[in-house]
Amino acid sequence: MSQLNWRKSTFSENQANCVELAAAHDGIHIRESDEPDTVIHTRPATIRSFIRAVRATRLDHIL
């Protein structure tokens with residue numbers, strides 16, 4: 001996993017406990033910055049749907 005280009009939101013600045021994403025040939029990898037060895041994998045279409053839902057505030061009722 002060390003060869004992946006991990007990215008996090010610019011809103012996170014230098015804070016810890018951020019979600020990081022990395023694109024790879026086999027999909028999207030997701031981890032928390034404070035748990036870098038724990039990585040989950042998803043497809044680009046799935047993460048796109050999730051991001052659209054967040055932007056549209058369709059998940060606000062969950063919290």
For P44 and G27, the nearest pair of non-hydrogen atoms, with its separation, is CD-CA, 4.2 Å
Which heavy atom in A23 sits nearest to a heavy atom in L4, and how many Å separate them? O-CD2, 4.1 Å
With sequence neighbours left out, what residues match [X] under side chain to side chain contact (heavy atoms under 4.5 Å, CB included)?
| X | value |
| --- | --- |
| T42 | I28, I30, T46, I47 |
| D34 | N17, E32 |
| S9 | F11, S12 |

Holding to side chain to side chain donor-acceptor pair (under 3.5 Å), I want the full list of residues that pass it with D26, two or more places apart in sequence or in another chain. H29
